[in-house]
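Accompanying notes for the structure given below.
The figures that follow rest on heavy atoms only: side chains count, while hydrogens, waters and symmetry mates do not.
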Amino acid sequence: TCDPCDCDRIFKTLAFAGLTIATSFALSFIKFSPVTYGGSVTLASMLPICIFAYAFGFGPALLVGLIYGFLQFIQSPYIFSYATFLLDFLLAFSSIAMMPIVRKILKDKKYTPIVAICFVFLVRFIFHFMSGLIYFDNGGIWANLPQDNAFIYSFLYQITYLAPDLAVNLVILTPLVATNKFNL
């Protein structure tokens with residue numbers, strides 16, 4: 001038999017997961033600055049799934065991140081290798097599972113969501129950066145940078161869209177946190 005409280009919790013988690021994935025996916029189509037070989041600055045498309053992750057914990061967040069990563073692949077199906085698919089889509093977007101980890105470490109301080117989303121973007125940057133090392137080391141060319149330095153290529157390429165995308169998310173998240181209405 002199923003405990004009614006457990007069933008309610010599971011259905012609530014599934015409902016919120018579906019809503020946040022759909023919202024994030026819809027927002028990912030609103031792009032301010034698409035980058036030639038992937039990546040873009042969007043209208044805070046990571047924010048809904050990050051809030052979900054913050055509220056519902058590591059396991060549900062990891063699953064939502066994987067699903068969202070697959071949707072991002074469907075939206076822009078560009079892969080160089082299996083490794084870049086794993087790094088750019090599955091692992092990069094599963095980084096939202098860091099939100100509840102930071103929440104536990106910082107013990108729910110007022111600005112924990114801001115620190116947590118910054119950490120998520122840092123982890124996401126690392127995965128995209130590693131993918132870029134593979135891509136640029138195998139002859140991918142972007143801008144007029146020295147062709148023999150995949151490290152510089154990847155770093156500059158990822159930072160051109162991830163830093164502004166984080167800034168957009170922070171511009172929207174910070175007032176939510178400051179109003180004390182972010183009690184999840």
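- Lys104 is linked by a side-chain contact (heavy atoms from CB on, under 4.5 Å) to nothing, counting only residues two or more places apart in sequence or in another chain.
- Across every non-hydrogen atom of Val41 and Pro164, the tightest pair is CG2-CB, 3.7 Å.
- For Leu63, the side-chain contact (heavy atoms from CB on, under 4.5 Å) partners at least two apart in sequence or on another chain are Ile67.
- Interatomic distance, OG of Ser95 versus CG of Leu62, reported as 10.0 Å (0.5 Å rounding).
- Formation of a donor-acceptor pair under 3.5 Å by the Ser24 side chain with backbone atoms of Ile49 is found in this model.
- For the side-chain contact (heavy atoms from CB on, under 4.5 Å) test, no residue two or more places apart in sequence or in another chain qualifies with Ala26.
- With sequence neighbours excluded, the residues that form a side-chain contact (heavy atoms from CB on, under 4.5 Å) with Leu162 are Phe121, Arg124, Phe125, His128, Gln158.
- Side chain of Thr42 to main chain of Leu27: no donor-acceptor pair is present (N/O by atom type, distance under 3.5 Å, no hydrogens or angles).
- When all heavy atoms are compared, the tightest approach of Ala53 to Ala61 is CB-CB, 3.4 Å.
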Hey, can you pull the donor-acceptor pairs under 3.5 Å for the side chains in residues 170-178, sequence neighbours left out?
{"residue": "Thr174", "atom": "OG1", "partner": "Leu170", "partner atom": "O", "Å": "2.7"}

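- Aromatic rings of Phe56 and Phe52 (six-membered ring for Trp) have centroids within the 6.0 Å cut-off, being under it.
- Taking CZ from Phe89 and OG from Ser131, the interatomic distance works out to 8.5 Å, rounded to the nearest 0.5 Å.
- For Phe29, the CZ atom sits in a packed shell: over 12 heavy atoms of surrounding residues, nucleotides or ligands are nearer than 6.0 Å.
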### Query
What's the verdict on side chain to side chain contact (heavy atoms under 4.5 Å, CB included) for Asn169 and Cys50, showing C-alpha distance, side-chain angles and the deciding distance?
CA-CA 10 Å; Asn169 281 273; Cys50 284; over 6 Å; no

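- For Phe151 and Phe129, the distance between ring centers is under 6.0 angstrom.
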Can you give each donor-acceptor pair under 3.5 Å made by side-chain atoms of residues 12-22, sequence neighbours left out, with the distance rounded to 0.1 Å?
{"residue": "Thr13", "atom": "OG1", "partner": "Arg9", "partner atom": "O", "Å": "2.8"}
{"residue": "Thr20", "atom": "OG1", "partner": "Phe16", "partner atom": "O", "Å": "2.9"}
{"residue": "Thr20", "atom": "OG1", "partner": "Ala17", "partner atom": "O", "Å": "3.1"}

### Query
Where do Tyr68 and Ser45 land on the side chain to side chain contact (heavy atoms under 4.5 Å, CB included) test, with the steps shown first?
CA-CA 10 Å; Tyr68 187 68; Ser45 64; 3.6 Å; yes

### Message
Could you go through Ile117 and Leu47, starting from their C-alpha distance and side-chain angles, then the distance that decides it, and tell me whether this counts as side chain to side chain contact (heavy atoms under 4.5 Å, CB included)?
### Response
CA-CA 8 Å; Ile117 202 165; Leu47 190 55; 3.9 Å; yes

### Task
Report the C-alpha distance between Met99 and Phe119 in whole Å, list the side-chain angles of each, state the deciding distance to 0.1 Å, and finish with yes or no for side chain to side chain contact (heavy atoms under 4.5 Å, CB included).
CA-CA 8 Å; Met99 290 290 289; Phe119 190 70; over 6 Å; no

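- Relative ring orientation between Phe70 and Phe85 is described as tilted, the plane-to-plane angle lying within the 30° to 60° band.
- The shortest distance between side-chain heavy atoms of Tyr54 and Thr112 falls below 4.5 Å.
- Here the closest heavy-atom approach between residue Phe93 and residue Asp88 is recorded as CE1-O, 3.5 Å.
- Among all heavy-atom pairs drawn from Arg103 and Ala55, the shortest one is NH1-CA, 3.8 Å.
- Put simply, CD1 on Ile159 and CG on Asp165 are 11.5 Å apart, with the number rounded to the nearest 0.5 Å.
- Atom CD1 of Ile96 is separated from atom CD1 of Ile101 by 11.5 Å, given to the nearest 0.5 angstrom.
- Here the closest non-hydrogen pair linking Ala83 and Ile134 is CB-CD1, 3.8 Å.
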